[in-house]
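So the structure is just underneath, and the comments pick up after that.
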Amino acid sequence: MAGGRALAAAGDDKKVRVYRLREETGRFELLQTLDDAGGTLSVAMAGEGRALAAAGDDEKVRVYRLREETGRFELLQTLDDAGDWLRSVAMAGRALATAGDDKKVRVYRLREETGRFELLQTLDDAGGRIWSVAMVWEGRALAAAGDDKKVRVYRLREETGRFELLQTLDDAGGCIWSVAMAGEGRETGRFELLQTLDDAGGRLRSVAMAGEGRALAAAGADEKVRVYR
């Protein structure tokens, strides 16, 4: 979701459905169905719901923009250098990140002059395929997690314009299938485990967060959600 008024969903039928909250009814209505998205495994929104990215098993990321005149999304760009079998895509501000089976996170930035995304950096220090990536603080903080049971947290270093590994969280008991971040992430301190939620009835495929405080959550095969501050 973006701003609480826009929502996108994708799955096995290779379509992305975009919904808008209708103020008069307080209910979501289908705005548009995007059927050129390939085998979509992940979708992300940014910019109060005006930008959307979809990625999946065709090894491409499709970026859409909401055209104000028509109120509909149009394909802005297709990124075809994003790696193998993309498991996750994230957007924040003018940044976009993708990750998947090739054990790499690729970070893109929107270039103002061209209005197109360009590859900024490839992070290749993961020990296995990456199932999930998350971004906050206008794309300056990033987390990635996957088969190696670790969450890696990165921070954009303003002096160099490149991401650096800030911390590796390695207390998960199994493969991590989902990671989420909340807050601005401006602080440079390290995350500490705040709580482990162990009342799930099976393996956890997805986790989400919202709020102002700096926080991170990870969930996966060990049937637990770990919350960090």
Side-chain angles (χ1 to χ4, degrees), residues 39-42 44 53 55-61 79-92 95-109 119-137 139-157 160-182 185 188-198 200 202-209 214-229:
T40 305
L41 298 174
S42 181
D57 58 13
D58 68 352
E59 303 177 7
K60 293 179 173 62
V61 181
L79 306 171
D80 55 9
D81 56 353
D84 300 333
W85 200 282
L86 300 169
R87 303 280 177 179
S88 184
V89 62
M91 299 185 83
L96 182 153
T98 66
D101 284 8
D102 69 354
K103 308 177 187 179
K104 294 178 174 64
V105 177
R106 289 173 175 83
V107 185
Y108 300 83
R109 285 279 177 187
L119 182 64
L120 171 69
Q121 187 177 356
T122 300
L123 307 170
D124 58 2
D125 46 3
R129 62 182 166 180
I130 301 168
W131 286 92
S132 183
V133 64
M135 302 185 87
V136 291
W137 190 27
R140 293 182 177 89
L142 183 153
D147 279 353
D148 67 357
K149 308 177 187 179
K150 294 179 174 64
V151 179
R152 289 173 175 84
V153 184
Y154 303 86
R155 189 65 56 94
L156 183 69
R157 190 165 177 184
T160 63
R162 295 181 67 82
F163 281 90
E164 293 186 357
L165 183 64
L166 175 68
Q167 185 178 0
T168 301
L169 306 169
D170 58 3
D171 46 4
C175 168
I176 302 169
W177 284 324
S178 184
V179 63
M181 302 181 82
T188 57
R190 295 172 70 81
F191 283 96
E192 293 185 0
L193 183 64
L194 173 69
Q195 188 177 0
T196 301
L197 308 172
D198 58 3
R203 294 180 294 180
L204 301 165
R205 298 287 181 177
S206 184
V207 63
M209 300 190 85
R214 178 177 180 256
L216 185 151
D222 70 352
E223 305 181 9
K224 294 179 175 64
V225 179
R226 288 173 175 84
V227 185
Y228 302 85
R229 284 280 184 184

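The model shown is predicted, which means the values in this text are computed figures rather than measured ones.
The distance from atom CG of Leu169 to atom CD of Glu192, rounded to the nearest 0.5 Å, is 10.5 Å. Taking CG of Leu165 as the reference point, atom OH of Tyr154 lies at 5.5 Å (rounded to 0.5 Å). Separation of atoms CH2 (Trp131) and OG (Ser88) is listed at 11.0 Å; rounding is to 0.5 Å. Rounded to the nearest 0.5 Å, atoms CH2 (Trp85) and CZ (Arg129) are 10.0 Å apart.
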Query raised in the report: Between Leu41 and Leu86, does a side chain to side chain contact (heavy atoms under 4.5 Å, CB included) hold up when you go through it step by step?
Result: CA-CA 7 Å; Leu41 298 174; Leu86 300 169; over 6 Å; no
Report task. Starting from the C-alpha separation in whole Å, work towards a yes-or-no answer on side chain to side chain contact (heavy atoms under 4.5 Å, CB included) for Asp125 and Thr168. Result -> CA-CA 11 Å; Asp125 46 3; Thr168 301; over 6 Å; no
Query - side chain to side chain contact (heavy atoms under 4.5 Å, CB included) assessment of Leu156 paired with Phe163 - result: CA-CA 4 Å; Leu156 183 69; Phe163 281 90; 3.9 Å; yes
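A 6.0 Å sphere centred on NZ of Lys104 holds more than 12 heavy atoms belonging to other residues, nucleotides or ligands.
Here the closest heavy-atom approach between residue Val133 and residue Ala90 is recorded as O-CB, 3.6 Å. When all heavy atoms of Ile176 and Ala172 are compared, the closest pair comes out as CD1-CB, 3.7 Å. Heavy atoms only, all atoms of each residue included: Ala95 and Met135 are closest at CB-CE, 3.7 Å.
At least one donor-acceptor pair closer than 3.5 Å links the side chain of Ser178 to the backbone N or O of Val207. Panel note: side chain Asp148, backbone Gly127; a donor-acceptor pair is recorded below 3.5 Å. Remark: the backbone N or O of Ala182 is not paired with any side-chain donor or acceptor of Arg214 at under 3.5 angstrom.
Exactly one of Val153, Leu142, Val151 qualifies for a side chain to side chain contact (heavy atoms under 4.5 Å, CB included) with Val179. That residue is Val151.
Contact of the Ile130 side chain with the Arg87 side chain is not registered, since no non-hydrogen atoms from C-beta on lie closer than 4.5 Å. Considering only heavy atoms from C-beta on, Arg106 stays 4.5 Å or farther from Asp81 through its side chain. Inter-residue side-chain proximity for Arg155 and Trp137 is flagged as met; some heavy-atom pair is nearer than 4.5 Å.
Annotation: cation-pi geometry not satisfied between Arg190 and Tyr228 (NZ/CZ under 6.0 angstrom from ring centroid, within 45° of ring axis).
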